[in-house]
Each structure stands twice: as C-alpha cells, then as structure tokens.
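Some notes on the structure that comes next.
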Amino acid sequence: MIDSNPPLLPSYGALSAKFPAAEEYNDPQSGVIMEECQLPLIDLNGLDSGNEMERVACATAICRASSEWGFFQVVNHGISPELLRNMRREQVKLFQAPFHKKATCGLLNNSYRWGSEKATCPKQFSWSEAFHIPLTKISEESCYGEFTSLREVMMEVAEAMSRLAKLLAGVLVENLGHPVRGFEDICHESNCFLRLNRYPPCPVSPEIFGLVPHTDSDFLTILYQDEVGGLQLMKDSKWVAVTPNQEALIVNIGDLFQAWSNDIYKSVEHKVMANRNKERCSLAYFLCPSYDFLIGSCKEPSIYRNFTFGEYRRQVQEDVMRTGHKIGLPRFLLQNTHQIRN
C-alpha cells in the first residue's frame, strides 16, 4: 500500500538526534493544560435583526471578544453545514493521495507543505501537512488534476468564507469609526488565502506540536475544524484548550488588525497539539490586503510604525529562516519595549 503520510517521523527523529537537549522542551510540564475553555459564542442572526438593540448587542459582542480574547466562535453564520461537510469529504480524499503525488504533481498551485522545512530544533517542528492556496488560483482547472470534484466545492467555500470575513471585518472597522466600504476594497478576495490542514496521528509524544505557537499575519482568520481537539490559545498568560463546537466557526484576529486598531483588537498566540491516536482536519480562510497596502494606525499616537503587508511578510519569513520562529509585531513597534530574540 502506498503511504499517503508525509515523512514526519524521520524528519522529527533527525531533529531530535541532532538536538537531544531540546527534548526537555517536551517535558509533560511544558504542555500542561490548566483548563479547557468555551470561546465566546456569538449568534450572527443579531446583525440582521430588525431590532436595533439586538444588532448593536451583537456587534458589541464581536468587538468585545476581539479585544478581550482575540478569538470567538459564531453560529448562524450563513455557510451551510452541507457545504462544510462536502468540503471536509473532498479534503480527506485529497490528503489520502500518495505523498509523492501531493508533493510533486503541482496540485493546488504547488502549495503543498508538510512538517517544518526551516525547523532547527524539535520545538520548531510541526506534525502536519497542508495546502495553502491563494484565492486567485482556486478557479483554475489545471490546479486540480484528478481531483475535479474538489474545484466546485472549493470555489463555493471560498466565496462563502469571503462574505463572512467581510461582514465581521466591517463590524470591527465600523466600531473604530472608519468607513466599511473602503476596507472591503482593501481586502479584496484576490488577496486572500485558503489553507487545508491535516494533522496525522503522532506516535512520538503527546507534547509534539501539530502547528507551532504563532499569531496569524492577516486581518482575521475563519476556521472550520472537526471534532478532534488540539487547538490551544494563550489566555491570561497561560495555555487553554479550545473545546470543539461542531455547530460553530472559529474567528481570530490577526496581526494586521492589531496594528491597524492600535492594539484595541488582539492577535493572540495559538497552537495545535498533535494527537497520538486520531487525525485532525481543519480549513482556514485568511483575510489579507494587497502586498503594497500600507498598514497604519487608525488612532494616534500610533504604537507601530507604518509598514506594508509585503514588508511584514518578508520580515516574518526572514526571522523564521534566521531564528526558527516568528517575531512579528514587536519588530514594528515605534518604542520597542519588547525583548526581541535574535
């Protein structure tokens, strides 16, 4: 039988052998979960309510969660459960393809990724595989090869996610006193991405990252995940596990919204822990501007210097290549009170 799994075990083993001292990072104490959490749950029917008080209450809940948690979950979001189930089914079929086919045949704009190419020690290694696809490529038939049934579903999901992302971003922008229409032009769907994730069962240790701790380099992210837990976020200076909710989509604030809002909205560090026995799948939509869009603060005095999205991505990539980890917004503080690791 041809193995569909990427060679995660040999790659992780090679890193462990090269950096044996780093194994202490995987001491069980480093991954202790103090508690599980239910993210703030927001019913988006409130935004369409004819009752102004209900609409305001819903918008207020979105903005409060974005400031206090950086994460929330939404129901009655307008994306049909049947569409999401179809997407999950097609995603599973894609990841069941032989590894060599996923890695070499140009599927989905050659966007296949696995493990952590730039990892220099075990704590930087991600036990996962993914396709990270720009929306501009999703409609191209040549991207799909034999997976022809995936194209129509992907296009429908991308359109639905785009509508929802713009709706939520509009609420957040309006709360800051800025016109929504201009922001919609900035975050055109052609600048956005879909990411299909799979986290295979991990026989090594329950303390292996499925996805290393990070913040998202966008305005906001919408996540559809399965029933297998593993997502954790930093809350009140400790890691908490997010309880899966099959009825809801998860939304989190990205670095660009934190900078643009002058730290009113929070881009919160999060990670995924691998599961020893079960695989986990998820789908993420990233709301992004064009690479030359200038990120400035909506309020003064500004905490961050102005920077373009392209400049931000290049700095993140440079830091990851040089140090093995993302530094992110602290690089762009006007008065750098953070200790930046070099």
Side-chain angles (χ1 to χ4, degrees), residues 39-40 42 44 47 58-74 77 135 161-195 213-223 231 233-235 242 249-270 284-316 326-334 338:
L39 295 176
I42 300 172
L44 295 186
L47 293 180
C58 183
T60 299
I62 291 170
C63 298
R64 181 186 303 118
S66 299
S67 295
E68 296 178 0
W69 283 78
F71 271 78
F72 56 94
Q73 50 190 344
V74 294
H77 43 67
L135 262 60
M161 288 281 195
S162 178
R163 286 196 303 267
L164 177 57
K166 287 183 177 181
L167 174 68
L168 296 169
V171 170
L172 294 169
V173 168
E174 189 175 31
N175 178 61
L176 298 173
H178 282 254
V180 175
R181 178 167 302 198
F183 191 84
E184 288 181 345
D185 293 338
I186 290 166
C187 289
H188 190 270
E189 49 264 27
S190 64
N191 304 321
C192 303
F193 295 84
L194 271 181
R195 183 179 174 104
H214 67 285
T215 57
D216 289 352
S217 301
D218 61 354
F219 275 107
L220 63 80
T221 305
I222 300 174
L223 179 72
L231 176 64
L233 60 88
M234 185 64 69
K235 176 65 174 169
V242 176
L249 296 175
I250 291 176
V251 181
N252 66 275
I253 300 300
D255 297 342
L256 302 188
F257 240 146
Q258 177 167 327
W260 192 73
S261 70
N262 223 23
D263 278 3
I264 292 175
Y265 304 138
K266 301 300 190 297
S267 180
V268 172
E269 191 175 28
H270 53 286
Y285 177 94
F286 299 92
L287 183 68
C288 303
S290 63
Y291 287 124
D292 59 358
F293 177 70
L294 190 66
I295 306 295
S297 173
C298 69
K299 296 181 181 296
E300 296 294 340
S302 178
I303 298 173
Y304 304 96
R305 70 172 178 83
N306 292 350
F307 56 88
T308 66
F309 181 43
E311 179 185 3
Y312 190 75
R313 282 178 61 91
R314 286 191 297 273
Q315 183 64 63
V316 167
K326 172 184 174 179
I327 295 174
L329 284 178
R331 282 284 191 206
F332 297 86
L333 287 166
L334 283 173
H338 289 63

T215 pairs by side-chain hydrogen bond (donor to acceptor under 3.5 Å, both in side chains) with which of K266, E269, K326, Q258? K326

Test side chain to side chain contact (heavy atoms under 4.5 Å, CB included) on N175 and I62; report intermediate values, then the result. CA-CA 10 Å; N175 178 61; I62 291 170; over 6 Å; no

Mind checking whether L176 and W260 have side chains closer than 4.5 Å, heavy atoms only? yes

Verify the ring-centre separation between F307 and Y312: is it less than 6.0 angstrom? yes

Rounded to the nearest 0.5 angstrom, the OG-CG distance for S162 and L167 is 11.0 Å

Does a side-chain heavy-atom distance below 4.5 Å link F71 with K235? no

Do Q73 and V242 make a side-chain contact, defined as non-hydrogen atoms from C-beta onward lying under 4.5 Å apart? no

Can you say whether the rings of F219 and F257 are parallel (under 30°), tilted (30 to 60°) or perpendicular (over 60°)? perpendicular

When rounded to the nearest 0.5 angstrom, what is the spacing between SG in C298 and OH in Y265? 8.0 Å

Least distance between heavy atoms, T221 atom then A284 atom: CG2-CB, 4.1 Å

Looking at every heavy atom in both F72 and A65, which two are closest together, and how far apart are they? CB-CB, 3.7 Å

Atom CG of L287 and atom CD1 of I253: how far apart are they, to the nearest 0.5 Å? 10.0 Å

Does any non-hydrogen side-chain atom of I303 lie less than 4.5 Å from one of S297? no

Should V74 and I222 count as side-chain neighbours, where that means a heavy-atom distance under 4.5 Å? no

Any carboxylate oxygen within less than 4.0 angstrom of a Lys/Arg side-chain nitrogen, looking at D255 and R331? no

Heavy-atom closest contact (I327 atom, P330 atom, distance): O-CD, 3.2 Å

Going by side chain to side chain contact (heavy atoms under 4.5 Å, CB included), name the residues that satisfy it together with A59, two or more places apart in sequence or in a different chain. L47, V171

To the closest 0.5 Å, what do you measure between CG (D218) and CG (L220)? 6.5 Å

Using a 4.5 Å cut-off on heavy atoms from C-beta on, say whether the side chain of F286 contacts that of L135. no

Could you state the interatomic distance from OG (S261) to CG (L172), rounded to the nearest 0.5 Å? 8.5 Å

Could you pull out all residues at least two apart from H214 that satisfy side chain to side chain contact (heavy atoms under 4.5 Å, CB included)? L211, D216, H270

Could you tell me which residues satisfy ring pair (Phe, Tyr, Trp, His ring centres under 6.0 Å) with Y285, sequence neighbours excluded, listed by chain and number? none

Heavy atoms only: give me the nearest V316-S217 pair and the separation to one decimal. CG2-OG, 4.2 Å

In terms of heavy-atom contacts, I42 and C58 come closest through CG2-SG, 3.9 Å

Is the closest side-chain heavy-atom distance between W69 and V268 below 4.5 Å? no

Does C192 reach the side chain of M161, with side-chain heavy atoms less than 4.5 Å apart? no

Any idea which heavy atoms bring G328 and F332 closest together, and the distance? O-CD1, 3.7 Å

Which value, rounded to the nearest 0.5 Å, describes the distance between L223 atom CG and L249 atom CG? 8.0 Å

Applying side chain to side chain contact (heavy atoms under 4.5 Å, CB included) to V251 and L39, what does each step give before you reach the verdict? CA-CA 10 Å; V251 181; L39 295 176; over 6 Å; no

